[in-house]
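Below: the structure, in C-alpha cells.
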Amino acid sequence: MTQTDFSYDPTNIFARILRGEIPNKTVLETAHSLAFHDIRPLAPVHVLVIPKGAYVSLDHFSAEAPAEELVDFHRCVAQVVAMLDLGPGFRAISNTREAGGQEVPHYHLHILGGRHMGRMIQPE
Ligand code: AMP
C-alpha cells in the first residue's frame, strides 16, 4: 500500500476564504465547519461544506480529524440540507485528487439539489 501525500497548501482559495481574505456567500458557520454557495452553481442549490481545519481531501479528513470535527462537519451538512429544503433529495460529491477531478485542494463536499439530479455519473 502506497502512502498518500496529505500535505496542505495554505494558499488555496478555500483557506483564503476561511482567513477572511476573500468573500463568500455563507449558508452556515459552525465551530469547525463552513457552508457557502458555490461561485459557479451546477444546480439550483449548490453549496460547498468545508472543515475549518487544514485537510486536503475526504480521505485525509476521515483519517486524521478529531471526532469533534468529524461530528461538527456532518451535523453542518444535515443542517444545510434542512435549511435549504433538500428533503426531496440531493447529491453529495467529493472530488478527490487529480483522477477524481479535484480543483481546490481543501476538502469540500458539494451538496447539489433543487432539481432531479439524474444518473450518478456519465457511463463510459
Ligand atoms: P472541485 O472541482 O471539487 O475541487 O470543486 C471546486 C469548486 O469550488 C468548484 O465548483 C468551483 O466553482 C468552486 N469555487 C471556486 N472558487 C470559489 C469561490 N471563491 N467561492 C465559491 N466557490 C468557489
Side-chain angles (χ1 to χ4, degrees):
M1 194 168 74
T2 52
Q3 190 75 29
T4 303
D5 179 10
F6 289 146
S7 57
Y8 183 81
D9 172 10
T11 66
N12 79 77
I13 193 125
F14 294 167
R16 297 183 60 205
I17 285 176
L18 287 167
R19 288 195 296 269
E21 294 169 5
I22 54 173
N24 73 93
K25 286 173 63 181
T26 298
V27 175
L28 180 66
E29 181 169 7
T30 62
H32 299 290
S33 311
L34 180 70
F36 54 98
H37 292 282
D38 195 292
I39 205 164
R40 288 187 293 275
L42 298 173
V45 175
H46 187 172
V47 170
L48 303 171
V49 184
I50 67 173
K52 291 182 179 177
Y55 304 101
V56 291
S57 59
L58 170 61
D59 54 335
H60 184 201
F61 183 62
S62 302
E64 296 189 4
E68 188 182 335
E69 294 180 27
L70 293 165
V71 170
D72 180 282
F73 181 88
H74 288 94
R75 294 280 197 268
C76 182
V77 170
Q79 273 186 269
V80 166
V81 166
M83 288 168 67
L84 298 179
D85 291 325
L86 295 175
F90 63 94
R91 177 157 299 150
I93 298 174
S94 181
N95 300 317
T96 304
R97 294 188 286 284
E98 189 188 355
Q102 183 176 6
E103 291 174 4
V104 179
H106 180 113
Y107 172 45
H108 50 282
L109 192 64
H110 296 256
I111 305 289
L112 298 137
R115 65 168 165 82
H116 197 281
M117 296 309 301
R119 294 189 61 166
M120 186 164 62
I121 60 169
Q122 291 291 332
E124 299 223 4

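FYI, side chains are in, hydrogens and waters are out, and symmetry mates aren't considered; it's all heavy atoms of this structure.
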side-chain contact (heavy atoms from CB on, under 4.5 Å) between F90 and L84, intermediate numbers included: CA-CA 10 Å; F90 63 94; L84 298 179; over 6 Å; no

Gap between atom CD1 of I39 and atom CD1 of I22 - 0.5 Å precision: 7.5 Å

Shared hydrophobic cluster, I50 / L28 (ILVMFWY, side-chain heavy atoms < 4.5 Å): no

V45 with V80, same ILVMFWY side-chain cluster at under 4.5 Å: yes

Backbone of N95 reached by a side-chain donor or acceptor of E103 within 3.5 Å: no

Donor-acceptor under 3.5 Å (R91 side chain, G118 main chain): yes

Cluster link L58 to I111, ILVMFWY, side chain under 4.5 Å: yes

Same apolar cluster: L109 and V104, side chain cutoff 4.5 Å: no

Between OG on residue S62 and OH on residue Y107, distance to nearest 0.5 Å: 6.0 Å

Main-chain N/O of T30 paired with K52 side-chain donor or acceptor, under 3.5 Å: yes

Between F36 and F14, ring centroids under 6.0 Å: yes

Atom CD of E21: over 12 foreign heavy atoms under 6.0 Å: yes

V49 to A35 - nearest heavy-atom pair and separation: CG2-CB, 4.0 Å

Atom pair NZ (K25) and CG (D38), whose distance is rounded to the nearest 0.5 Å: 10.5 Å

Flag side-chain contact, heavy atom, 4.5 Å: H60 against T4: no

Ring centroid separation F61 to Y55 under 6.0 Å: yes

H106 and H108: CA distance, side-chain angles, deciding distance, ring pair (Phe, Tyr, Trp, His ring centres under 6.0 Å) verdict: CA-CA 6 Å; H106 180 113; H108 50 282; 8.0 Å; no

hydrophobic_cluster_shared for V71 and V77, side chain cutoff 4.5 Å: no

Crowding at CZ, R75 (>12 non-hydrogen neighbours, <6.0 Å): no

Heavy-atom pair of closest approach, residues L86 and G114: CD2-N, 3.9 Å

Polar side-chain atom of T96 near backbone of S94 as donor-acceptor pair, under 3.5 Å: yes

Contact summary for H46 and P41, nearest pair of heavy atoms: ND1-CA, 3.5 Å

Atom of R16, atom of T11 and distance for their closest heavy-atom approach: CD-O, 3.6 Å

Distance-minimising heavy-atom pair for L112 and A43: CD2-CB, 4.1 Å

